[in-house]
Amino acid sequence: MQNKAALVRKNLKYLTLLAREYPNIASACSEIINLQAILKLPKGTEHFMSDLHGEADAFTHIVNSASGVIKEKVDRVLGPSVAPEERAEFATLIYYPSKKLERLKKQQTDLNGWYRQTLYRLIDVCRMVSSKHTRSFVRKRLPPNYAYILDELLHAHFEDHDKEFYYDQILASILDVGRADDFIEALCKLIKSLAVFKLHIVGDIFDRGPRPDLIMEQLMSHHSVDIQWGNHDVVWMGAAAGSPLCIATVLKTTLAYNNLEALEDGYGINLRPLALFAESIYRDCDTHRFYPRVSAQQRSLCHPAELMRTARMHKAISMIMFKLECQTIDRNPDFEMEDRDFLRRIDYEKRLVEVEGKWYPLLDADFPTVNPADPAALTAQEKQVLDLLCRSFMESEKLQRHIRFLFAKGGVYHVENGNLMFHGAVPLTESGSFAVETFEQHSYAGKALMDYCDERARRGYFSQPETEEWHSGCDFLWYLWCGKLSPLYGRDKMTTFERLFLEDADTHVETKNPYYHFINDSKMDRAILAEFGLDQTHSHIVNGHVPVRAAQGEKPIKGGGKVIVIDGGFCRAYHTKTGIAGYTLVYNSRGLSLRQHQEFESVEKAIEENQDIASTVDVFETIEKRVLVGDTDEGRKLARDAEDLKLLVLAYQMGLVKEKQ
């Protein structure tokens, strides 16, 4: 008791502040009881996804369906007495309520009867998904307009009531005032928010796929999400900060995949200056190496002249990018990328380029804006185009909002509930030790390197533009995109130049960091976990970045179960390589499972034909003792909060803090 009294006096300033929220003994005790009840509940379900790459339709469907969890709940609630087709239709209603409602209503001969049945079913599904949460937790997620009604329907006891009569009276009132559609949408939204407690995105939201902006909007509306930056994300973060090189890199990738919709419609980026410049300077140039990567279906929908304009823009911005790379490499000897300044390594008369000490013939040497005497110098027109593009990126309100969210919810790595999450790699040497990098006259390795990368990346966005800190941070965001020891990239080089201009396939090879070899060694995996302060027996590493070639028999679970690689080729461009269309790692109170998804055709097909993503479930780690909230990081925080409240109660009892009624 004396020790606790001393603790109260030591923390009196904090307890006085805490008393503002809990002004008397009764309110503090009530919260202690609530917290202790929460600690005894099963832990919430966590979902992990990575490498979304702009595939907004597939991502939307997987989030709406909770990776198939909601369909499982629907099947369990409705049971085999309801036909599979009807259960699929009902699940689709939960996924896309506003769009599916209009179609279903037109099919009904007794609309009020259908409304009643649908509402009964939705309430029963909602009761099931809310059963592992406290009433307080559920209340916080109830839509404000229907909070009281839903609280009654979900938590009412029917010992003294006839359940059907009780429901029917409430639902009849909803129908009478014409709010059935709105109520159905509110219930569907609540079911989806309760099915998954937390969503972890392990990098690469941007590039390749058509609409990363729509994915970002989805994430921003999610009730609980964190993001581990991928290399495709950080280059967009640099572009939003106004880095000319990151902007050129983003445009080069976007044009290569002909994804102008995301830039123009999504973010309002004005590409007209680049288009006019490309038409003026590159109209008569060889651009066949820059023809956008489009599927046969896309090619049939695009006019050849349109694709040719994209090819000219692609080449124009690529040459600007290669010039800016030379300048950035000059400014940053710490990056150790001196051998990547290719425009200075070209013999323009012989049409040869030096790569790692060897000379190779160029497949294309038609460079109208390159001055061989000063290859890295931008022309006056290129500078003008770049200035306009930088202004467009920095003035895009939607892009800035999305990138601020990435900084607020994201980082280079994240540790939660025994899982270490990062996108690429913890750089290692060939001997298996943590690779040491020197930046700004200090050396870093392992966790310290990851922390440094996170801090310097933030400089690029939050420092005052055109200051030394801003230039340093922006350059580093580009390094994280492609640097040889970037933990977000994980390869020795990015062979963009070689793939565009050289035929020799040996020059296209991007050697993976030794990390990707050592993750099959459980001893090394334990060393990495220990480096981040994690228990080596029960913890896991979760990362993406390198697609798992499931079609060739590669397994995503490595190192004896310590590492889970969850890049299953979410992006359509990778489907042929992986043979699947992505993974969702699910961690609930019973253990870990991996959901392997097949290709998703379209939202339209899902709504019209109730098509779902075909998924298979592999339960690969079962926990003998069910994990409770008290066993999680959040639970430990709640337990500390309860102890603080106990001290507050003691402070009230000692008269050191005065109660307010």
Side-chain angles (χ1 to χ4, degrees), residues 4 7 11 14-15 17-48 66 69-70 73 123 125-144 146-148 150-157 187 189-200 222-226 409 414-419 534-535 538-539 586-592 622-652:
K4 286 189 176 181
L7 203 56
N11 293 281
Y14 164 67
L15 295 174
L17 292 173
L18 188 61
R20 295 179 183 178
E21 191 172 354
Y22 304 98
N24 49 52
I25 290 175
S27 61
C29 288
S30 177
E31 183 61 10
I32 291 168
I33 294 166
N34 179 49
L35 292 175
Q36 290 179 338
I38 292 172
L39 296 175
K40 301 301 181 184
L41 287 171
K43 76 171 286 294
T45 301
E46 299 173 69
H47 281 200
F48 305 72
V69 170
I70 288 174
K73 304 291 186 189
I123 290 164
V125 172
C126 199
R127 285 170 70 90
M128 175 173 278
V129 297
S130 67
S131 61
K132 69 189 302 184
H133 303 297
T134 64
R135 188 167 183 173
S136 171
F137 179 89
V138 175
R139 275 176 172 167
K140 291 174 183 176
R141 281 156 177 76
L142 296 177
Y146 300 108
Y148 177 77
L150 281 169
D151 190 40
E152 280 292 296
L153 292 172
L154 294 177
H155 298 104
H157 296 285
L187 266 170
K189 183 177 180 181
L190 180 60
I191 289 167
K192 288 182 283 191
S193 72
L194 293 174
V196 178
F197 178 74
K198 189 158 191 179
L199 179 61
H200 306 284
H222 199 276
H223 60 276
S224 183
V225 64
D226 57 68
K409 294 291 185 179
H414 179 60
V415 175
E416 186 168 343
N417 296 335
N419 294 310
L534 286 167
D535 168 67
H538 301 104
S539 299
V586 178
Y587 177 30
N588 60 27
S589 62
R590 300 292 187 186
L592 288 155
T622 303
I623 300 168
E624 289 184 13
K625 180 186 174 185
R626 196 170 192 186
V627 182
L628 305 180
V629 172
D631 302 317
T632 67
D633 294 345
E634 178 64 18
R636 284 181 274 275
K637 177 182 176 299
L638 294 178
R640 290 193 297 271
D641 290 345
E643 291 303 313
D644 289 344
L645 286 165
K646 289 177 183 178
L647 290 180
L648 177 60
V649 170
L650 185 56
Y652 283 133

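- Considering NZ of K4 and NZ of K646, their distance stands at 6.5 Å, rounded to 0.5 Å.
- With sequence neighbours left out, Y652 forms a ring-ring contact (aromatic ring centres under 6.0 Å, His included) with no residue at all.
- Atoms CD and OG1, from E624 and T622 in turn, are 9.5 Å apart once rounded to the nearest 0.5 Å.
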Show, in sequence, the C-alpha distance, side-chain angles and deciding distance for H538 and D535, and conclude whether the side chain to side chain contact (heavy atoms under 4.5 Å, CB included) test is met. CA-CA 6 Å; H538 301 104; D535 168 67; 3.1 Å; yes

Tabulate below the donor-acceptor pairs under 3.5 Å that side-chain atoms of residues 27-41 make, not counting sequence neighbours, or state none.
from	atom 1	to	atom 2	distance (Å)
S27	OG	N24	N	3.3
S27	OG	N24	O	2.9
S27	OG	N24	OD1	3.1

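- The ring-ring contact (aromatic ring centres under 6.0 Å, His included) search around H414 returns none, not counting sequence neighbours.
- Heavy-atom minimum distance, S589 versus R626: OG-NE, 2.8 Å.
- A salt bridge does not link E643 with R640: none of the charged nitrogens is closer than 4.0 Å to a carboxylate oxygen.
- A search for side chain to side chain contact (heavy atoms under 4.5 Å, CB included) contacts involving L647 returns L7, V8, L15, not counting sequence neighbours.
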Can Y587 and T45 be said to form a side chain to side chain contact (heavy atoms under 4.5 Å, CB included), step by step? CA-CA 6 Å; Y587 177 30; T45 301; over 6 Å; no

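- Annotation: the span from L18 atom CG to D641 atom CG amounts to 8.5 Å, rounded to 0.5 Å.
- Atom SG of C126 and atom NZ of K192 lie 12.0 Å apart (nearest 0.5 Å).
- Residues L534 and G418 approach most closely at CD2-CA, 4.0 Å, considering heavy atoms.
- With sequence neighbours excluded, no residue satisfies salt bridge (charged side-chain N to carboxylate O under 4.0 Å, His left out) with D644.
- D226 and K198 are joined by a salt bridge, as a carboxylate oxygen and a charged side-chain nitrogen come within less than 4.0 angstrom of each other.
- Considering OG of S224 and CG of L199, their distance stands at 8.5 Å, rounded to 0.5 Å.
- Within 6.0 Å of NE2 in H223 there are more than 12 heavy atoms belonging to other residues, nucleotides or ligands.
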Candidate pair E416 and E46, rule side chain to side chain contact (heavy atoms under 4.5 Å, CB included), full reasoning: CA-CA 10 Å; E416 186 168 343; E46 299 173 69; 4.3 Å; yes

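- Take F48 and apply the ring-ring contact (aromatic ring centres under 6.0 Å, His included) test, not counting sequence neighbours, and it matches H200.
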Go through the steps to decide whether R139 and D151 satisfy the test salt bridge (Lys or Arg N to Asp or Glu O under 4.0 Å), and finish with yes or no. CA-CA 7 Å; R139 275 176 172 167; D151 190 40; 3.2 Å; yes

Evaluate side chain to side chain contact (heavy atoms under 4.5 Å, CB included) for V629 paired with L638, printing each intermediate quantity in order. CA-CA 9 Å; V629 172; L638 294 178; 4.3 Å; yes

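- Separation of atoms CG (N588) and CZ (R590) is listed at 8.5 Å; rounding is to 0.5 Å.
- For D633 and K637, the salt-bridge test fails: no basic side-chain N is under 4.0 Å from an acidic carboxylate O.
- Residues S193 and R141 approach most closely at OG-CB, 4.2 Å, considering heavy atoms.
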